[in-house]
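The structure appears below as structure tokens.
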Amino acid sequence: MKKLQRRAVRFKGLTLGLDLHTKVIQYSVIDAAGDEMVNERIASDATLLRRLIESLTADGEAVQVVLEASGCFLWAYDLLMALVGKQCVHVAAPSKVRVIAESGEKTDATDAWWLAYLQYEGRLPEAFVAQGDLRELRIVCREHRSVVEERSDLMRRMRSHLAQLGLSLGKSDFKSVEGRSRVATMVQAIQADHGQRGMAIARLWRRIQDLDEEAGYWVDQRSKLAQKFDDVKLLDEELAGVGEQLASIVYSELGDPRRYHSAKAYAKATGLTPGYRESAGRRSRQKMTREGSSHVRWALTRAIVACMRCKQGSGVWVKMWVLNMRKRKSMKAGIVAAARKLAEAVWRLFALGEAFDLARAFGGRGPGVGAAPVSP
């Protein structure tokens, strides 16, 4: 984590640090002078948290609250937003609060104090929290991806069982109506003649059909929510390999790209950028920092894989760039590097507007200068 280039402005009021857990909340209150006033524990309950905030603001004292983006923080975040306002609620990024995670004397009391103190000093690394329809879109995208991955795993298991019987299925058998009809007929015959393996195949097939229905539900919900965001439509139309699904994932996980000050900052938020550690003159490099949402990294790499199948259009420039990169590095490394450049292209799309050119971003002349190549 780089050092801050600006001087912190201290808050003239009380700073409340909350260490949230499923059953309890440890809180620490720091005054305007930086001294801890109280460090106590309450039950994890909305009513008690509301009373705590009301007791701190009873004398007209200004209060800012900081909590960590743990697995159960959203209910408290929404409540605090209503009580003290958006500008006074801060959420720490867990992966960047190393002083807490790597402490040799880690307790709930010290965790709450560190959260409050880092915010008091103006040094808290904050996390992005989606709100409103954007949060709804994020939930839908994550649920759809989870269902699809579960369905794919069941398909692999079903193919494995069929292989033990000397049978196989084509790639389109699970996708087309005719193919699914053939699979259903095959499953009925196998169930009657192959004992427990036949029963296993039949049960897997029923679960796959249930997941098909569930995946369809989430696709419908995603389409409805995506229509509310013009930026999602822009990503879908302007970036090669990025359809509605991947555009919805990228936008819902990272929010408006204009929040970031540069293309490099936006790419860094994806975790696809290389990192390094240096000590005593020795430097070790990381291929990827893996910071931020894993869903974004998955979406961007999937977009590059889609570009590798392109025969024409701007996606061919991405394909050619990856193939040139392959002369020096592995295909996997080339795809990751292209995904990072695509992340930078997302930011440039919003920063440059109509002047944006994906082909130029990947070293091509672009459609404005010359025709796009045709993939052999």
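The figures here come from the full heavy-atom set of this structure, side chains too, leaving out hydrogens, waters and symmetry mates.
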Problem set entry | Side chain to side chain, L358 and L239, heavy atoms closer than 4.5 Å | yes
For this session: Identify the heavy atoms of V322 and A338 that sit nearest to each other, and give their distance.
Result: CG2-CB, 3.6 Å
Problem set entry | Expected output: side-chain T185 to main-chain S181 donor-acceptor under 3.5 Å | yes
Problem set entry | Sequence-distant partners of N324, side chain to side chain donor-acceptor pair (under 3.5 Å), two or more places apart | none
Exercise. Should the pair R258-D231 be classified as a salt bridge under the 4.0 Å nitrogen-to-oxygen rule?
Worked result: yes
Exercise. If every non-hydrogen atom of A130 is compared with every non-hydrogen atom of S252, which pair is closest and at what distance?
Worked result: CB-O, 4.3 Å
Seminar exercise, completed: Across all chains, not counting sequence neighbours, the side-chain contact (heavy atoms from CB on, under 4.5 Å) partners of S160 are none
Problem set entry | R180: side chain to side chain donor-acceptor pair (under 3.5 Å) partners, not counting sequence neighbours | D212
Problem set entry | Sub-4.5 Å side-chain heavy-atom contact between L234 and D230 | no
Exercise. Is there side-chain contact between V91 and F128, with at least one heavy-atom pair below 4.5 Å?
Worked result: no
For this session: Give a yes or no on whether the backbone of L169 and the side-chain of R159 come within a donor-acceptor separation of less than 3.5 Å.
Result: yes
Exercise. Is it true that atom CZ of R203 has more than 12 heavy atoms of other residues, nucleotides or ligands lying nearer than 6.0 Å?
Worked result: no
Problem set entry | In one Ile/Leu/Val/Met/Phe/Trp/Tyr side-chain cluster, 4.5 Å: M81, L56 | yes
Problem set entry | Straight-line distance of F362 CZ to S314 OG, nearest 0.5 Å | 9.5 Å
Exercise. Any chance CZ of R145 has more than 12 other-residue heavy atoms, nucleotides or ligands included, within less than 6.0 Å?
Worked result: yes
For this session: List in chain and number order the residues that pass salt bridge (charged side-chain N to carboxylate O under 4.0 Å, His left out) with D78, two or more places apart in sequence or in another chain; answer none if no residue qualifies.
Result: R135
For this session: Please examine the side chains of V250 and T270, heavy atoms only from C-beta on, and report whether any two atoms are closer than 4.5 Å.
Result: no
For this session: Quick one: list whatever passes salt bridge (charged side-chain N to carboxylate O under 4.0 Å, His left out) with R348, sequence neighbours left out.
Result: E344
Problem set entry | side chain to side chain donor-acceptor pair (under 3.5 Å) against S293, all qualifying residues, sequence neighbours excluded | E253
Exercise. Are V148 and M155 connected in a single hydrophobic cluster, I mean Ile/Leu/Val/Met/Phe/Trp/Tyr linked by side-chain heavy atoms less than 4.5 Å apart?
Worked result: no
For this session: Would you confirm whether T110, through its side chain, and K106, through its main-chain N or O, come within 3.5 Å as a donor-acceptor pair?
Result: no
Exercise. Can you list every pair that meets ring pair (Phe, Tyr, Trp, His ring centres under 6.0 Å) and has a residue in residues 198-243, with sequence neighbours left out?
Worked result: F229-Y251
For this session: Could you tell me which non-hydrogen atom of A127 sits nearest to which non-hydrogen atom of A69, and how far apart they are?
Result: CB-CB, 4.4 Å
Problem set entry | Contacts of D220 that satisfy salt bridge (charged side-chain N to carboxylate O under 4.0 Å, His left out) - sequence neighbours left out | none
For this session: Starting at CG of L16, measure out to SG of C88 and round the result to the nearest 0.5 Å.
Result: 11.5 Å
Problem set entry | Any donor-acceptor pair under 3.5 Å from S172 side chain to K175 backbone | no
Exercise. If only atom types and distance count, is the side chain of S248 paired as donor or acceptor with the main-chain N or O of E244 below 3.5 Å?
Worked result: yes
Problem set entry | Whether R340 side chain and A267 backbone form a donor-acceptor pair below 3.5 Å | no
Seminar exercise, completed: Taken to the nearest 0.5 Å, the spacing of Q131 CD from L74 CG works out to 10.0 Å
For this session: If the plane angle is over 60° it's perpendicular, under 30° parallel, otherwise tilted; pick one for W114 and Y117.
Result: perpendicular
Problem set entry | For D153, all residues meeting salt bridge (charged side-chain N to carboxylate O under 4.0 Å, His left out), sequence neighbours excluded | R156
Exercise. When you look at CE of M199, are more than 12 heavy atoms from neighbouring residues, nucleotides or ligands closer to it than 6.0 Å?
Worked result: no
List the atom pairs, donor and acceptor, that lie under 3.5 Å between side-chain atoms in residues 39-52 and the rest of the protein, sequence neighbours left out.
| from | atom 1 | to | atom 2 | distance (Å) |
| --- | --- | --- | --- | --- |
| N39 | OD1 | Q26 | NE2 | 2.8 |
| N39 | ND2 | E36 | OE2 | 2.8 |
| N39 | ND2 | A109 | O | 3.1 |
| E40 | OE1 | Y27 | OH | 3.1 |
| R41 | NE | Q26 | OE1 | 3.0 |
| R41 | NH2 | Q26 | OE1 | 3.4 |
| R41 | NH2 | D108 | OD2 | 2.9 |
| S44 | OG | H21 | O | 3.2 |
| D45 | OD2 | T47 | N | 2.9 |
| D45 | OD2 | L48 | N | 3.2 |

Exercise. Is a side-chain donor or acceptor of D256 paired with a backbone partner of R259 at a separation under 3.5 angstrom?
Worked result: no
Exercise. Linking I/L/V/M/F/W/Y whenever their side-chain heavy atoms sit closer than 4.5 Å, directly or via other members, would V97 and F73 fall into one cluster?
Worked result: no
Exercise. Of the non-hydrogen atoms in C72 and L20, which two are nearest, and what is the gap between them?
Worked result: O-CD2, 3.9 Å
Exercise. Between the side chains of Q119 and T15, is a donor N or O closer than 3.5 angstrom to an acceptor N or O?
Worked result: no
Exercise. Atom CD in E149, atom OG in S152: separation rounded to 0.5 Å?
Worked result: 7.5 Å
Exercise. Do you reckon I190 sits in the same ILVMFWY cluster as L154, going by side-chain contacts under 4.5 Å, direct or chained?
Worked result: yes
Exercise. Short question: side chain of T57, backbone of G60 - any donor-acceptor pair under 3.5 Å?
Worked result: no
Seminar exercise, completed: ring-ring contact (aromatic ring centres under 6.0 Å, His included) filter on F174, not counting sequence neighbours, yields none
Exercise. Would a 4.5 Å heavy-atom cut-off, applied to side chains only, mark D357 and L352 as touching?
Worked result: no
Seminar exercise, completed: Quick note, side-chain hydrogen bond (donor to acceptor under 3.5 Å, both in side chains) partners involving residues 190-199, not counting sequence neighbours, are H161-R197
Exercise. Does V129 belong to the same Ile/Leu/Val/Met/Phe/Trp/Tyr cluster as L134, with side-chain heavy atoms less than 4.5 Å apart forming each link?
Worked result: no
Exercise. If you round to the nearest 0.5 Å, how far is CG of D19 from CG of D111?
Worked result: 4.5 Å
Problem set entry | R151 side, atom CZ; I208 side, atom CD1 - distance, nearest 0.5 Å | 8.5 Å
Problem set entry | Residues E291, K268; criterion salt bridge (charged side-chain N to carboxylate O under 4.0 Å, His left out); working and verdict | CA-CA 8 Å; E291 294 182 0; K268 185 176 180 180; 5.7 Å; no
Exercise. Are Q64 and L14 close enough that some pair of their side-chain heavy atoms sits under 4.5 Å apart?
Worked result: no
